K.L.:
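Take this structure, written in structure tokens, and hold onto it; I'll ask about it next.
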Amino acid sequence: MTVEVSRSLLLHLPELIEIQRLVSHAAKDLVRVEELVTVRHKDLSLPVMALEIGSKDPKSPAFFLTGGVHGLERIGTRVIISYLKTLTHLAHWDASTRELLARVRFCLIPIVNPIGMYLGRRSNGNGIDLMRNAPVEAQAGSRVGIAGGHRISNRLPWYRGSVGAHMEIENQAFVKYFEETFAKSSSVIALDVHSGFGAVDRIWFPYARTTAPFPNLQEVFLLNQMLDKVYPHHIYKVEPQSASYTTHGDVWDYLYDRRRVAGGSVFLPLTLELGSWLWIKKNPRQLFSGLGIFNPLLPHRTSRILRRHLLLLDFLMRAAATPAMWCQGLGAHYSADDIQRMANARWYEKKAA
Ligand SMILES: [Zn+2]
């Protein structure tokens, strides 16, 4: 796959060029590239690309990293590129990185919504919010505001698309890729990078559609415990997405439930939601920039954010490669019942005032 480098692409979607350059500079055969679909909008035509590094065994445990679902949230894609750079350089000379990659399948879709990112908007070319577009209804009675997905008009953000319509082609390609690639994986950890909500960096786990407990709560609890022990000073708040808000049409809820019904192996779809309100507080002028609510604008802050999440991505890659630790609780000091009880108490039981 080669995208022609034009002036407009350099101006509007430099991330795509950077990914292409990175792939071509990586060690021979290190990165495998696949074009999932070409998305067209007016005279634009852009690819959704998937990259794959590491084990080729379809049964290997997998780590799946995605970004750019919302076109405005470019910082997510840039965090992914930054990690990709580190990893591909390490793979040149570091034997432990190569050994790690031999045990795990590392797959990425760095820009799920290239048209949205090119145009600098949240939705795709059809004005549809890809993370509100899956055939998933929020739990009856839950309070879903307009930001949780609506069918009023594609001129408003968070539009789900019309009733009964197929998923958008970006999502169709995404779902197909996920289900084909990971059908036989012994376990999957996914991380979807977003920005724009809250003042702290959050790691969300399902569900988005309901406040009901997530079936793989024990695995999330153990993974969280590993993170706390490995990086005791980490900055992340780990919680179910529904603790912040509930939505219709979440693609990760959709993929998770389908895999569960099909009897697939453990799958933890996590979302990294970068808390941008802090950047705005430190630099209120950002509020007046279209991108400023979702992306740091000052160079030193951007660098800090690109550095700051490398540890998390490295941690998740290692955890994905060693599923026995969080799938079977190797090294856990508690029984499965105790873990379930503690996880419920942490995330789902109302705290007394
Ligand atoms: Zn987002």
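In each ligand, atom 1 is the first atom listed, and ligand 1 is the first ligand listed. Numbers here simply count residues along the sequence, with the first being 1. Bear in mind that the values here come from a model prediction, so they are computed numbers and not experimental data.
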K.L.:
Going by distance alone, is a donor N or O of one side chain under 3.5 Å from an acceptor N or O of the other, for S82 and R307?
P.N.:
no

K.L.:
Report yes or no: do N224 and R346 form a side-chain donor-acceptor pair below 3.5 Å?
P.N.:
yes

K.L.:
Ignoring hydrogens and angles, state whether a donor on the side chain of N344 or E349 is under 3.5 Å from an acceptor on the partner side chain.
P.N.:
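No, E349 and N344 have no side-chain donor paired with an acceptor closer than 3.5 Å.
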
K.L.:
Applying ring pair (Phe, Tyr, Trp, His ring centres under 6.0 Å) between H309 and each of Y83, Y231, Y236, report the one that passes.
P.N.:
Y236

K.L.:
If you leave out waters, which protein N, O or S atoms are less than 2.8 Å from the Zn ion (ligand 1)?
P.N.:
H70 ND1, E73 OE1, E73 OE2, H194 ND1

K.L.:
Would you say the ring centroid of F64 lies under 6.0 angstrom from that of F182?
P.N.:
yes

K.L.:
With no hydrogens and no angle check, do the side chains of S96 and D94 hold a donor and an acceptor under 3.5 Å apart?
P.N.:
yes

